[in-house]
Amino acid sequence: MKNLQEKLGREITVLLEDAYEMSGVEPSFSIPAERKFGDLSTTLAFTLAKKTGSKPFMLAGDIAARLQGKLAAVEEVRVAGGGFLNFFLRRDDFFTAQRRSLTEPWAPPARKEKVIVEHTSINPNKSAHIGHLRNSCLGDSLARCCRFLGYEVEVQNYIDDTGIQVADVVWGLLHYRRMDLDAIRRIPDLAAYLWELYAEVNRLFAADEALAAQRREVHRRIEEKAEPEYSTCLHVAEQVLLDHVRTMERLDIQYDLLARESDVIALDFFKAAAAELADRGVMAPSSDPGKQGCLVIHYDREKIEKIIVRSNGTITYVGKDIAYNLWKFDLLGRDFHYRPFHVYSDGRPIVMTASQPAASPPARSFGRGQRVYNVIDVRQSYLQNLIAQVLVQLGHPEAGANFIHFSYEMVALTPACVREMGLILEPGEESKPYIEVSGRKGRAVKADDLITRLEEKSLREVSARNPELAEAEARLLSHVIAVAALRYFMVKFNLNTVIAFDFKEALNFEGDSGPYLQYAVVRLNSILKKAAAADLDATSGAAGLAPLPEGERELYWELVLHLSLLEIQVEFALQNHELSSLATYAYGLCQKFNHYYHLFPVLAEPDPARRYLRLGLVLLFKNKIETTLSLLGIEIPGRM
RNA sequence: GCACCCGUAGCUCAAUGGAUAGAGCAGUUGACUUCUAAUCAACAGGCUGCAGGUUCGAGUCCUGCCGGGUGCGCCA
């Protein structure tokens, strides 16, 4: 459909050029909700009417007359409503082209741009929670969409291994629990252990300023590499990071590179950036007496001074982030060292930055992106905007334009959910619409717990439906279904919709849910499997729709039309930063398939021509839905 | 105080400025001797927070108001 629309647009422009001023006018198309309005519709007449000051309806009539019979793919052009131009396609031609595309492998356009997607970036001091899951699911699907469209994609996960958050739990382990490093190493599930400890020490810090001061002292000692704090910090950060990587691997989410803040610091990335920032006058000493000795950047949009270098000479988070993002665009003039970190079960390596050359560094290079997506929640908008501003001020407008904050709203908990988890609501919270998740307050649903809970529910459902299944196989199916439920739930909302998390909704496997989508494909695969067993070739059959009875033909055609939109849908999702539109597209296709499935039997159809046409449609459905779902990280189980 | 986001069916959410505002859940009713009922069909449910404006056309854009959320730290 994408090629057809582009061609149609060009044809129309050429045909109308003599009569109308077409510069800057690009005909755009949509599929009308009602078939009586044709297969494709354009509002071109309204656009031109505005330019010329004439009546849309009259203009549309004239345009239709000029186009009638001159467009290769179009049977008829009609005017409807106040001036809509509706196109009726040559259905058999279009259908034949769609069927042919099934036997040709998908070839995205070759693109030179390299895209870097940063997502996840969880503080390595406790287990991941539902808030992080939204980030990772969005980021991973975003990366998959970019790959699908032909971009080279590198997925990075930024690890703040030197921040105060890690220092909090280091203090808790060493000075509160009074453990030594050996004892810490023996803690079986460190991330989960720290989940509790992190919440506990933060309660202490809030209540006792002396303890909070101790925590800052621990942080300082870590920065000075003093023992035992430094080694403990390294151990904690690495173990918890490994825990996060494993959690995300359960969801089929992988990273290419783990970029550590400690390496940004050790390799003096900021120094390189600072020289440039000072030269260009972007960063300067603060004139505010309250910020004496600080280096600041004036952020125009918010009309504020943001501290980049503290009066004690240390660099703030934003400063390090500016340097890191300059590196992503290869604008820093420096590079990390690299070392292998982990190998995924499918054999893909995951690399970590290093401050020293490694014995066996990876063969590939990292960074040097032309476009950068930072998947970070909306609460960091102003810092992300500041970085974009700095890129421009440093003389890199193209990098500034290609620096994209992929912003999304937070995940929160409903008050009912907080109560259900046995946590206490503070005064006034009962009447709130939702309550922010907070690792620091221990108020969140742990990612691993939620995944496990989804797997358990799937297992009950799978076992009930397939009692003869071996447990190992049932578990495998349950896992795939649980992942679909979670990943679909995490991307189906608009980015600026706050997800007020609720177990009942997240654990729903019916209707607008991941398992619903899988179920449609499982049924459709079952038809294809039986057809293959009966030696029916789904790719053969009639070239036109004529053999279908009239009532079916219209529906069949509408389905072909919607199935052809896949590539347009992916591009739309990427352009508008709305992966939810892709989820909605997948859901719509599955609904359409289920509807068709109930109306028209495939294998039982006695007329061979009709049977082959239906089989062909089933194959088209399989191809498009499976591709869409793969972009959302959803696999299809063998049975359900 | 300033900035950003949100307000659509009982609930949770959709709807590139486009034709009669759609789904799921919950409710009522019906469909498994049939390619898997994690499904389908039907009914019911709406002053799209309020008031103006822009235009061929507004849930969508602009202004004001009401209600809710978030951000603005020598934390990250």
Side-chain angles (χ1 to χ4, degrees), chain A residues 28 30 32-34 36-37 41 43 45-46 49-50 55-57 80-84 86 121 123 160 162-166 219 261 286 290-294 296 299 301-304 306-312 314 316-318 320-321 377-383 385 407 409-410 412 414 432-434 436 458 461-462 464-466 481 492-494 496-500 502 504-505 508-520 522-524 526-531 572 575-576 578 580-581 583-584 587-588 591 594-595 597-605 614 618 639-640:
Chain A
S28 64
S30 62
E34 281 188 73
K36 67 172 180 184
F37 292 133
S41 178
T43 55
F46 295 116
K50 196 157 280 181
K55 293 254 188 267
F57 188 78
F84 290 95
N86 295 332
S121 304
N123 281 323
D160 179 10
T162 60
I164 195 85
Q165 275 83 352
V166 181
H219 188 212
E261 184 167 284
S286 175
K291 295 175 188 165
Q292 222 168 35
C294 294
V296 299
Y299 180 31
R301 202 176 130 159
E302 304 267 334
K303 296 184 171 50
I304 55 169
K306 184 67 200 165
I307 293 173
I308 305 298
V309 180
R310 302 185 187 96
S311 52
N312 66 6
T314 57
T316 60
Y317 161 72
V318 208
K320 287 174 274 196
D321 219 21
D377 84 51
V378 67
R379 288 172 291 188
Q380 291 206 37
S381 285
Y382 105 96
L383 293 176
N385 289 336
S407 163
E409 263 292 357
M410 62 179 175
T414 60
K432 285 194 159 195
Y434 45 75
E436 192 179 356
S458 316
E461 303 280 339
V462 168
R465 284 154 223 256
N466 306 277
I481 294 166
K492 77 173 188 171
F493 299 98
N494 282 353
N496 49 17
T497 296
V498 176
I499 299 181
D502 178 75
K504 187 171 161 288
E505 255 186 90
N508 174 37
F509 288 1
E510 285 163 20
D512 189 11
S513 71
Y516 172 96
L517 305 178
Q518 291 175 312
Y519 187 68
V522 166
R523 293 215 292 200
L524 154 182
S526 169
I527 295 175
L528 290 170
K529 222 184 299 173
K530 286 184 180 169
F572 179 88
Q575 264 164 28
N576 294 283
E578 249 342 325
S580 61
S581 66
T584 305
Y587 179 54
Q591 276 185 316
N594 280 329
H595 177 70
Y597 175 94
H598 277 269
L599 287 177
F600 303 104
V602 178
L603 300 174
E605 169 58 44
R614 289 179 188 167
V618 171
R639 59 197 291 187
M640 282 179 84

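Everything numeric here is computed off the predicted structure, so don't read it as measured data. Per chain, numbering begins at 1; letters A, B, ... match sequence-line order.
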Worksheet entry | Nearest-nucleotide comparison on RNA chain B, the residue closer to the 5′ end among A/V602 and A/I164 | A/V602
Practice prompt. Quick one: label A/K291 by what it contacts on the DNA or RNA (base, sugar-phosphate, nothing), any heavy atom closer than 4.0 Å.
Written response: base
Worksheet item: Heavy atoms under 4.0 Å, any strand shown: does A/Q292 hit a base, just sugar-phosphate, or nothing?
Response: base
Worksheet item: Can the positive tip of A/R523 be found less than 6.0 Å from the middle of the six-membered ring of A/Y597, inside 45° of the ring normal?
Response: yes
Item to complete: For A/F600, report the nucleic acid contact type (base, sugar-phosphate, nothing); a contact means any heavy atom under 4.0 Å.
Response: base
Discussion item. Considering every strand and a 4.0 Å limit on heavy-atom distances, what is the contact class for A/V296: base, sugar-phosphate, or nothing?
Written reply: nothing
Fill in: Inter-nucleotide C1' distance (B/A21, B/A15), Å rounded
7 Å
Discussion item. Under 4.0 Å, heavy atoms only, any strand: does A/I481 hit a base, just the sugar-phosphate, or nothing?
Written reply: base
Worksheet entry | From B/G18, B/A38, B/U70, nucleotide with atom closest to A/V462 side chain | B/A38
Item to complete: Scan A/Y382 against the nucleic acid and name what it touches under 4.0 Å (heavy atoms): base, sugar-phosphate only, or nothing.
Response: sugar-phosphate
Fill in: Spacing between A/Q380 atom CD and B/C5 atom P, to the nearest angstrom
18 Å
Worksheet item: Quick one: are A/P601 and A/R614 in side-chain contact, heavy atoms under 4.5 Å?
Response: yes
Worksheet item: Checking all strands, does A/S381 fall into the base, sugar-phosphate, or nothing category for heavy-atom contacts under 4.0 angstrom?
Response: nothing
Practice prompt. Give the stems involving RNA chain B, where a stem is 3 or more consecutive Watson-Crick or G-U wobble pairs (i with j, i+1 with j-1, and so on) under 3.5 Å.
Written response: B:1-7 with B:66-72, B:10-13 with B:22-25, B:27-31 with B:39-43, B:49-53 with B:61-65
Worksheet item: From the list B/C56, B/G68, B/A76, which nucleotide is the closest neighbour of the side chain of A/Q165?
Response: B/A76
Worksheet item: For A/R379 and B/C72, what is the distance between atoms CZ and P respectively, to the nearest whole Å?
Response: 10 Å
Worksheet entry | Distance, rounded to the nearest Å, where A/N385 contributes CG and B/G71 contributes C1' | 11 Å
Worksheet entry | NZ on A/K492 to CD1 on A/I499, rounded to 0.5 Å | 9.0 Å
Discussion item. Determine whether the aromatic ring of A/Y317 stacks with the base of B/C75, defined as ring centroids separated by less than 5.5 Å and ring planes inclined by less than 30°.
Written reply: no
Worksheet item: Below 4.0 angstrom, N of the basic side chain to O of the carboxylate: do A/R379 and A/D377 qualify?
Response: yes
Practice prompt. Select base, sugar-phosphate, or nothing to describe what A/E261 touches, counting heavy atoms under 4.0 Å on all strands.
Written response: sugar-phosphate
Item to complete: Respond yes when some side-chain nitrogen or oxygen of A/R310 is under 4.0 Å from OP1 or OP2 of B/C75, and no when none is.
Response: yes
Worksheet item: Within the structure shown, what part of the strands sits under 4.0 Å from A/P601 by heavy-atom distance: base, sugar-phosphate, or nothing?
Response: base
Discussion item. Nearest heavy atom decides the nucleotide; on that basis, is A/F84 or A/A604 closer to the 5' end of RNA chain B?
Written reply: A/F84
Practice prompt. Describe the nucleic acid contact of A/D377 in one word from base, sugar-phosphate, nothing, applying a heavy-atom distance below 4.0 Å.
Written response: nothing
Discussion item. Please confirm whether the shortest side-chain N or O distance from A/S526 to OP1 or OP2 of B/U36 is below 4.0 Å.
Written reply: yes
Worksheet item: Are any non-hydrogen side-chain atoms of A/I527 and A/L603 less than 4.5 angstrom apart?
Response: yes
Worksheet item: Which part of the nucleic acid, if any, lies within contact of A/N123, taking any heavy atom under 4.0 Å across all strands shown: a base, the sugar-phosphate backbone alone, or nothing?
Response: sugar-phosphate
Worksheet item: Is A/I308 touching bases, backbone alone, or none of the nucleic acid, heavy atoms closer than 4.0 Å?
Response: nothing
Discussion item. When you measure from the side-chain N and O atoms of A/T497 to the phosphate of B/G69, is any distance below 4.0 Å, counting only OP1 and OP2?
Written reply: no
N/O-N/O pairs, protein side and nucleotides 39-43 of chain B side, under 3.5 Å:
unit_1: B/U39; atom_1: OP1; unit_2: A/G511; atom_2: N; d: 3.0
unit_1: B/U39; atom_1: O3'; unit_2: A/N594; atom_2: ND2; d: 3.4
unit_1: B/U39; atom_1: O2'; unit_2: A/R523; atom_2: NH2; d: 2.8
unit_1: B/U39; atom_1: O2'; unit_2: A/H598; atom_2: NE2; d: 2.9
unit_1: B/C40; atom_1: OP1; unit_2: A/Y516; atom_2: OH; d: 2.5
unit_1: B/C40; atom_1: O4'; unit_2: A/H598; atom_2: NE2; d: 3.2
unit_1: B/A41; atom_1: OP1; unit_2: A/H595; atom_2: ND1; d: 2.8

Fill in: Any N/O donor-acceptor pair, A/S41 side-chain to B/A19 base, under 3.5 Å
yes
Discussion item. Mind checking if A/V522 touches a base, just sugar-phosphate, or nothing, with heavy atoms under 4.0 Å?
Written reply: base
Item to complete: Using a cut-off of strictly less than 4.0 Å, decide whether A/K530 has a side-chain nitrogen or oxygen near OP1 or OP2 of B/U36.
Response: yes
Worksheet item: Taking side chain as C-beta onward, heavy atoms only, is A/Q518 less than 4.5 Å from A/F509?
Response: no
Worksheet item: Looking at A/E578 and A/N494, what are the two nearest heavy atoms and their distance?
Response: OE1-CA, 3.6 Å
Worksheet item: Distance from A/F37 atom CZ to A/F84 atom CZ, nearest 0.5 Å?
Response: 8.0 Å
Worksheet item: Hey, does the side chain of A/N496 come within less than 4.0 Å of B/C6's phosphate (OP1/OP2), counting only N and O?
Response: yes
Worksheet item: Of all the nucleotides listed (B/U16, B/G71, B/A23), which has the minimum atom distance to the side chain of A/F572?
Response: B/U16
Worksheet item: Taking only side-chain nitrogens and oxygens of A/N494, does any of them come within less than 4.0 Å of OP1 or OP2 of B/A14?
Response: yes
